[in-house]
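Each chain gets a letter, A, B and so on, in the order the sequences are listed, and its residues count up from 1.
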There are 2 protein chains.
Amino acid sequence: MGKGRVTVIDIAKAAGVSKSTVSLVLQASPLVNESTRTKVNAVMRELGYVYNRGAANLRQANARSKIIGIVVNDLTNSFFAELAVGVDTVVQSAGFVQFLSNTSESIDRQREVIASMREHGVSGLIISPARGTEAVDLKPLVMAGIPVVLVVRNIPGAKVSSLVSDNHAGTFAAVEHLAALGHSRIAFVGGFPDTAVFDERLGGYRDAMSKTGTGFQEELVVSSAPSRAGGVDALARAMAMPEPPTAAVCFNDAVAFGVCDGLRARRIEPGKDFAVVGFDDVIEAKTTVPALTTISVDPQGIGQRAAQMLLKQINAGKPEAESAVSSVRLIVRESCGAAMNKPGRKMA
Amino acid sequence: MGKGRVTVIDIAKAAGVSKSTVSLVLQASPLVNESTRTKVNAVMRELGYVYNRGAANLRQANARSKIIGIVVNDLTNSFFAELAVGVDTVVQSAGFVQFLSNTSESIDRQREVIASMREHGVSGLIISPARGTEAVDLKPLVMAGIPVVLVVRNIPGAKVSSLVSDNHAGTFAAVEHLAALGHSRIAFVGGFPDTAVFDERLGGYRDAMSKTGTGFQEELVVSSAPSRAGGVDALARAMAMPEPPTAAVCFNDAVAFGVCDGLRARRIEPGKDFAVVGFDDVIEAKTTVPALTTISVDPQGIGQRAAQMLLKQINAGKPEAESAVSSVRLIVRESCGAAMNKPGRKMA
DNA sequence: GTTAATAATTGGAACGTTCCAACTTTGTCA
DNA sequence: TGACAAAGTTGGAACGTTCCAATTATTAAC
């Protein structure tokens, strides 16, 4: 039981050098003699020294800490969990460590969390903003020169970097594929209408419906919470129409799973009697039955790329905002009927 | 663009008081006059002051930082994502912030991550250890007096707190339920045999099989990776037996989903022709079709309780190790056949 | 009007590190 | 030999905060 913690001074004393030398060893400076270095390192191990980053980056006011913060709006959604894993892999290998917090779509919570991270001196932030976040909420961060990368949801007017999926292209491709399979009554299912992501995905759907000649019809858009339960609910409303759809492009995979659940409950077999396409390609998508046709956005990849963008900004010194769009691709599996013998043209 | 960051001294100067007074305001000390407090607060807001925790907990060597670390072995598993959310809710409301890292079952990574957290001065750690973690790996932490709560997996010999589910009781109840429904060939499916959790769950299964009179048979234990894919694989091996099982108690929900997938691929309807019971009660369990009968362990609840245990230790000062078992209960849904008319006695 | 108690405020020292400029030692060259 | 450079090493100051003991201002009591 050492009384206080062991410091560089203790090490210096025990190794018979000055604290300055110990500090140089810590920073792997080439200035220090090899034999001194090994001796100091030995003493550090022996005394169980642990580096105090707090003290360190108090002194070096210029270089900031080795912490990056990541703020997500719903960690229980596996999309974000995977995104966090992607971020973790790259920041970790750059010697950073990650602060992760979950806002549960609460703006207040988000404000607290970001404030707390600033207090801890994060070098940068990766944020998937809560619904309703405005450019002004990010103002203090850019004023302070803290690099920020927005992911998943962009915020117009905020002068920060962003990395979002090509939502428009995703749903566009999904509709084209379904049309090629012979579907014409294709619904757009799930998601909250007041979000940018919803607008983009809906836009891709709308444009593709127009282009393929079937035309866009407002009634085929059925919104809901972007969750499995929301999917079940939305499908019920869709099937209650006078002329129900034969296929659905879903807001995300969670909704798509819900749609499949709802179909089965009605004795309609997804992939056979009805085509379903998701969005995100979460891990479960390929193992579920029927395997889900979906738009792959590679959550881990996005996390990695966002982390790289952030590190670049941190190292560059001046935060040069940069906008990137992560490309997506359609992964055809069973739930759209393409992998079966015949496309799902016969309806219940 | 302020040149340097704004400090208490800047605030003091602008408000016409001393830095000590500003410090007292920061700590919400009752010593300071109300009018002074409001003036100082106003100035802080005006100048955009942000508290420097690094400097603060450098000075107060006794009270440690307001950071708690959480280390999980697989963040992509939604069980752990939910656990993290549970931890977050309670530590956040106690004014702490959480460091989250993912080890991906790598012992080396785990060591790095823990070292990094120590450097940042975490006040305590919640750890779901990577496979193969030994008591000696935690030694430095207990030596340093850093409170640790192990979750999910306990490590014998480590003198730290732990919170694990009552695995034995869970599988025991599952078997009893299936036996009551008329099953006798009940398999235990999935999981890696070299883990404590596996042993405990298998133990509950074994004891219940003996008690119900059907007896324990080694061949009915089919291990695999604890994932959806592992479940598909294990089921294939189980159905290849001369006398295949009519029911399965699965290592966890992921495996159970895989088993359902595998059954459907064989045109066997889970919940009707074959009974499936999972373990964990992840969110998807109740919305999937058929809804999964499972052992509820409430991941968020475990996270919350672990966080409470940790905070208690942090506040107590001396880390008094405490072992808790989180009780579980059987949630009967459709996949075991109980909610249907007849239990699944007719076999393929 | 003096003393005592209370309320509010304050300057300096300390926390553990890094930076800087200065210093010592050793080696090289004219 | 003296001058100079190179290689290592070093003490003190600084970073932004909190703690402590001391100080001043205010009120209460006699």
Side-chain angles (χ1 to χ4, degrees), chain A residues 2-41 43-44 47-67 116 118-121 123 144, chain B residues 2-41 43-44 47-67 118-123 144:
Chain A
K3 339 231 66 185
R5 62 151 74 226
V6 21
T7 84
V8 279
I9 300 195
D10 300 323
I11 303 296
K13 226 167 274 172
V17 297
S18 78
K19 61 187 167 45
S20 302
T21 303
V22 177
S23 175
L24 291 175
V25 170
L26 282 172
Q27 307 169 68
S29 162
L31 286 177
V32 43
N33 187 304
E34 205 48 45
S35 68
T36 317
R37 180 194 312 282
T38 50
K39 187 204 289 181
V40 168
N41 277 324
V43 173
M44 288 203 284
L47 299 193
Y49 171 73
V50 336
Y51 185 66
N52 184 334
R53 267 177 211 273
N57 70 263
L58 173 57
R59 183 56 177 86
Q60 38 191 180
N62 46 337
R64 303 187 61 81
S65 79
K66 290 296 233 177
I67 307 178
S116 173
R118 286 193 65 187
E119 292 182 359
H120 282 100
S123 319
Chain B
K3 339 231 68 187
R5 62 151 74 229
V6 22
T7 85
V8 280
I9 300 196
D10 301 323
I11 302 297
K13 225 166 274 173
V17 297
S18 78
K19 61 187 165 46
S20 301
T21 304
V22 177
S23 174
L24 291 174
V25 171
L26 282 173
Q27 307 168 68
S29 162
L31 286 177
V32 42
N33 188 303
E34 205 48 45
S35 68
T36 317
R37 180 193 313 283
T38 50
K39 186 204 291 181
V40 169
N41 277 324
V43 174
M44 288 203 285
L47 300 193
Y49 171 73
V50 338
Y51 186 65
N52 184 335
R53 266 176 212 275
N57 69 263
L58 173 58
R59 183 57 179 84
Q60 39 190 183
N62 46 336
R64 302 188 60 81
S65 79
K66 289 296 231 175
I67 306 178
R118 285 193 66 186
E119 292 182 359
H120 282 101
V122 294
S123 319

Do A:Arg59 and C:dT17 have a side chain to base donor-acceptor pair shorter than 3.5 Å?
no
Checking contacts here: which listed nucleotide ([options]) is nearest the side-chain heavy atoms of [X]?
X: B:Thr21; options: C:dC19, C:dT17, C:dT10; result: C:dT10
X: B:Ala56; options: D:dC19, D:dT18, C:dT17; result: D:dT18
X: A:Gln27; options: C:dT18, C:dT17, D:dT9; result: C:dT18
X: A:Leu31; options: C:dT9, D:dT9, C:dT17; result: D:dT9
X: B:Val32; options: D:dT9, C:dG16, C:dT9; result: C:dT9

Checklist entry - Would you find a donor on one side and an acceptor on the other, under 3.5 Å apart, between the side chain of B:Arg53 and the backbone of A:Gly54? => result no
>> Given 3.5 Å as the limit, does a donor-acceptor pair link the side chain of A:Arg37 with the main chain of A:Pro30, or not?
In response: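 Not confirmed, A:Arg37 side chain does not pair with A:Pro30 backbone.
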- Message: A side-chain contact here means heavy atoms from C-beta on lying under 4.5 Å apart; do A:Val43 and A:Tyr49 qualify?
- Response: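 Heavy-atom side-chain distance check fails, nothing below 4.5 Å.
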Can you measure [X] atom [atom1] to [N] atom [atom2] for me and round it to whole angstrom units?
X: B:Ile11; N: D:dT18; atom1: CD1; atom2: P; result: 13 Å
X: B:Leu24; N: C:dA8; atom1: CG; atom2: C1'; result: 9 Å
X: B:Met44; N: D:dT17; atom1: CE; atom2: P; result: 10 Å
X: A:Glu34; N: D:dA7; atom1: CD; atom2: P; result: 15 Å
X: B:Tyr51; N: D:dT17; atom1: OH; atom2: P; result: 8 Å
X: B:Arg5; N: D:dG16; atom1: CZ; atom2: C1'; result: 8 Å
X: A:Leu58; N: C:dT18; atom1: CG; atom2: C1'; result: 10 Å
X: A:Leu26; N: C:dT17; atom1: CG; atom2: P; result: 7 Å

Exercise for the section: Provide the closest heavy-atom pair for A:Lys19 versus A:Ala12 in the form atom of the first, atom of the second, distance. Expected result: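 Taking every non-hydrogen atom into account, N-CB, 3.6 Å.
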In terms of heavy-atom contacts, B:Ala55 and A:Leu58 come closest through CB-CD1, 3.8 Å
If you compare every side-chain N and O of [X] against the phosphate oxygens of [N] (OP1, OP2), does one of them come in below 4.0 Å?
X: B:Gln60; N: C:dA14; result: no
X: A:Thr36; N: D:dT9; result: yes
X: A:Ser18; N: D:dT10; result: yes

Determine the contact category for B:Ser23: base if any of its heavy atoms lies under 4.0 Å from a base atom, sugar-phosphate if only primed atoms, P, OP1 or OP2 are that close, otherwise nothing.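 Result for B:Ser23 = base.
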Q: Tell me what A:Thr7 touches on the nucleic acid: a base, only sugar-phosphate, or nothing, going by heavy atoms under 4.0 Å.
A: sugar-phosphate
The residue, A:Lys19 or A:Arg37, whose nearest nucleotide of DNA chain D is more 5′ is A:Arg37
- Cut-off 3.5 Å, side chains only: do A:Ser23 and A:Gln27 have a donor facing an acceptor?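 A donor-acceptor contact under 3.5 Å links the two side chains.
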Result for 5'-nearest mapping on DNA chain C, choosing between B:Ala55 and B:Val17, is B:Val17
